[in-house]
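Shown next, in structure tokens, is the structure this report addresses.
As a basis for the values below, the full set of heavy atoms in this structure was taken, side chains included, without hydrogen atoms, waters or symmetry mates. We count ligands from 1, going down the list as the structure has it; atoms in each ligand are counted the same way. We're numbering straight along the sequence, starting at 1.
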Amino acid sequence: MKKPKLFDFDTLVERRGTASMKWEKYKNQDIIPMWVADMDFRSPPAVIRAIQQRTADGVFGYTLTPEDLNDRVVSILQETYDWSVKPEWIVWLPGLVTGLNVACRAVGNDGDQVMTAVPVYPPFLSAPGFSRRSLIKVPLKEKENRWQFDFDRLEQMITDNTRLFILCNPHNPVGRVYTRSELVQLAAICNKYDIVICSDEIHCGLILDKNKVHVPTATLDPETADRTITLMAQSKTFNLPGLGCAFAVISGKKLRHLFKKQMAGIVPRPNVLGYAATMAAFTECDDWHAALLDYLRGNLETIARAIRQIPPLTIAPVEATYLAWIDMRSSGLKSPARFFEEAGVGLQDGIEFDGPGFARLNFGCSRSLLEKALARMTAAMENLRG
Ligand SMILES: Cc1ncc(COP(=O)(O)O)c(C=O)c1O
């Protein structure tokens, strides 16, 4: 029998002094950073090896996308999602936020409207304005302990100028993996009103709930595929966001042309190391990936247990991502994130996601660090209650 490989997610990797965005925020302060979405783990050994091999060449000239990488993306999308993609549909990008902003500029005209469901990852809220579009925010509703689309409200809020819906699936910060039937309903509305969908699927490799599967929006049906810009990367799953490598899949010829036109002369290609890491992540990291998901599931159980001990805080089930969206509305705290920061835990305030009264906790870290943070949060809440 093949022995499962062991990977070490427990050892604390010292990130202080490495210009890490996450850790520098609380430089010289005893605050555990649990905000921006990167993990404290080392990337898979195969990724590190691939980068080392590439740097050993010592030549870092302009690079084309390696042909075998496009082929690999095509075969992975086929195997994983039964999604038949042509290599020419793939557009490489230095990041998904770039892709979101390019999508906003590529669809419609100045003054048009872009719709999204809130709370959501902050660049969804800023990209329309940066692109001279206005933003329509449709609140997700909480039903049966799950965050869901409010389709009636969504449809009512569409106007003649609504051109684009930016979808986050899996959804950061609420942790939902939308079901096929939810996506079909959303796509039907977008098809009805001729709205393009930009589907950010960066978290698709981080499905923690074993009863859920990720359904790429573009696989629903040919009409939806033609109006969808899918954004993906290996960066969240394999902890490579500093390497700047992502891609869009756009099957619609006209839409792809408009997207590329907005990129022209402005958006650089990914760099050689980003490509090398992405290729390794796609080819040699399945064992690491499985071990990561198990570890994150353990972290999630640890959080759920701790939060149950500190009412009135609650979390909805996290179906995907390593981000817990904590409901602190009943706590009476004016600024929950600041309160916990003072207690030594750096969460991200819900206000940034259009979710006041909530805070997001990044649990992509070693169990011992997580337990330390949760102990601080528990003590702070107990103190508050007196
Ligand atoms: C939904 C979503 N999209 C995009 C990004 C960032 O993408 P990138 O670093 O490739 O710009 C994140 C990072 O947290 C995210 O959660």
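For ligand 1, none of its N or O atoms has an N or O atom of Thr98 under 3.5 Å away. For ligand 1, the polar-atom distance check finds no N/O of Gly95 at less than 3.5 Å from any of the ligand's N/O atoms. Note: no N/O pair closer than 3.5 Å links Pro241 and ligand 1 by distance alone. At least one N/O-N/O distance between His203 and ligand 1 falls below 3.5 Å.
Close contacts between ligand 1 and Lys236 involve ligand atoms 12 (C), 13 (C), 14 (O) [criterion: under 4.0 Å to a heavy atom]. If you number the atoms of ligand 1 from 1 as listed, the ones under 4.0 Å from a heavy atom of Ala37 come out as 14 (O).
Residues Lys22 and Asp40 are paired through a salt bridge, judged by an N-O separation under 4.0 Å between the basic side chain and the carboxylate. Taking 4.0 Å as the cut-off between side-chain N and carboxylate O, Glu182 and Lys143 do not count as a salt-bridged pair.
In Cys168, the part holding a heavy atom less than 4.0 Å from any atom of ligand 1 is the side chain. At a heavy-atom cutoff of 4.0 Å, ligand 1 is contacted by the side chain of Asn172 but not by its backbone. Contacts with ligand 1 closer than 4.0 Å are made by side-chain heavy atoms of Ile202 only, the backbone lying farther away.
Looking at atom 12 (C) of ligand 1, its nearest protein heavy atom turns out to be Tyr121 CZ, 3.3 Å. Annotation: atom 8 (P) of ligand 1 to nearest protein heavy atom, Leu96 N, 3.4 Å. Atom 3 (N) of ligand 1 has Asp200 OD2, 2.6 Å as its closest protein atom, hydrogens excluded (heavy atom only). For atom 11 (O) of ligand 1, the closest non-hydrogen atom on the protein side is Val97 N, 3.0 Å.
Leu93 and Val97 fall within a single hydrophobic cluster, where Ile, Leu, Val, Met, Phe, Trp and Tyr are joined by side-chain heavy atoms under 4.5 Å apart, directly or via other members.
Aromatic ring pairs are classed by plane angle as parallel below 30°, tilted from 30° to 60° and perpendicular above 60°; the pair Trp147 and Phe358 is perpendicular.
In summary, of the residues considered (Phe124, Trp325, Trp35), a ring pair (Phe, Tyr, Trp, His ring centres under 6.0 Å) with Phe353 occurs for Trp325 alone.
There is no side-chain donor-acceptor pair under 3.5 Å between Gln309 and Thr378. Donor-acceptor pairing under 3.5 Å is recorded for the side chains of His171 and Tyr178.
Around CZ of Arg338, the count of heavy atoms belonging to other residues, nucleotides or ligands within 6.0 Å does not exceed 12.
Judged by the 6.0 Å distance and 45° axis criteria, Arg367 is not positioned over the aromatic ring of Phe9.
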